[in-house]
Amino acid sequence: MKIFTRTLFLILVFSAASLSAQDQHFSMFYASPLTLNPALTGVNEGDYRVSGIYRNQWRSISTPYQSYGLSFDIKLLQSKLKNDIFGVGGTLEGDQSGDGKLTMTSGMLSAAFHKGLDKDHHHFLGVGVQFAFTQRSLKINDLAFPEQFDNTLNTFNLMQSNGEGGIKPNINYF
């Protein structure tokens, strides 16, 4: 058992070194449990859970930041797993920010297993995993760059070249 535990620990430590993430702009992050931690999948008082969250921030700027999230998770195999919990779920979230409408949309699937440590169902040891596909996009034509400033008119001419090369307006990744 010690060899298994040590091996599992080493796998988790070395796999975490290659992970990266970007948090949403939620102030009430606990209202979106699958965004907070995929190990929370299936951990609720009922058989399933639906949650939604929305935030509109910095309304004083020209284009305020907007973030949203919607998630669903359900417990499975409850009749076979007496003291344990196995849950699966999904999340759709996104945000839009700034004048260039920098947009992120992400769909995620998560699964978690929780080993019951007592018969009263008060203590669990859980692990969760989440797989995501994300799309980011930017409307670069809606932005103004220093190269587009016209000194004679003392304003920006968005018809001029912006002088920025190599910008990918759309990026998809897992």
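- The neighbour count for Phe133 CZ, taken as heavy atoms of other residues, nucleotides or ligands under 6.0 Å away, is above 12.
- The two residues Asn170 and Ser137 make their nearest non-hydrogen contact at OD1-CB, 3.0 Å.
- Heavy-atom minimum distance, Asp95 versus Ser67: CB-OG, 3.4 Å.
- Between atom CG of residue Asn83 and atom CG of residue Asp118 there is a gap of 8.0 Å, rounded to the nearest 0.5 Å.
- Looking only at side-chain heavy atoms (C-beta outward), Leu92 and Thr105 come within less than 4.5 Å of each other.
- Annotation for Ile85 and Gly42: closest pair CG2-O, 3.6 Å, computed over non-hydrogen atoms.
- Atom OH of Tyr68 sits about 9.0 Å away from atom CD of Glu93, to the nearest 0.5 Å.
- Between the side chains of Thr91 and Ser71, not a single donor N or O lies within less than 3.5 Å of an accepting N or O.
- Between the side chain of Arg49 and the main chain of Val43, a donor-acceptor pair closer than 3.5 Å is present.
- Of the possible polar contacts, none joining the Lys115 side chain to the Val127 backbone as a donor-acceptor pair under 3.5 Å is found.
- Considering every non-hydrogen atom in both Leu77 and Phe86, the closest pair reads CD1-CD2, 4.3 Å.
- The two residues Asp73 and Asn44 have their closest heavy-atom pair at OD2-ND2, 3.8 Å.
- Phe72 places none of its side-chain heavy atoms less than 4.5 Å from the side chain of Val88.
- Remark: side-chain polar atoms of His114 are not paired, donor with acceptor, to backbone N or O of Gly128 under 3.5 angstrom.
- Pairing each heavy atom of Val50 with each of Leu70, the nearest pair is CG1-CD1, 4.5 Å.
- With hydrogens and angles disregarded, a donor-acceptor distance shorter than 3.5 Å links the side chain of Asp84 to the backbone of Gly116.
- Rounding to the nearest 0.5 angstrom, the gap separating the CZ atom in Phe174 from the OG1 atom in Thr134 is 9.5 Å.
- Following chains of ILVMFWY side-chain contacts shorter than 4.5 Å, one can reach Phe113 starting from Ile74, so the two form part of one hydrophobic cluster.
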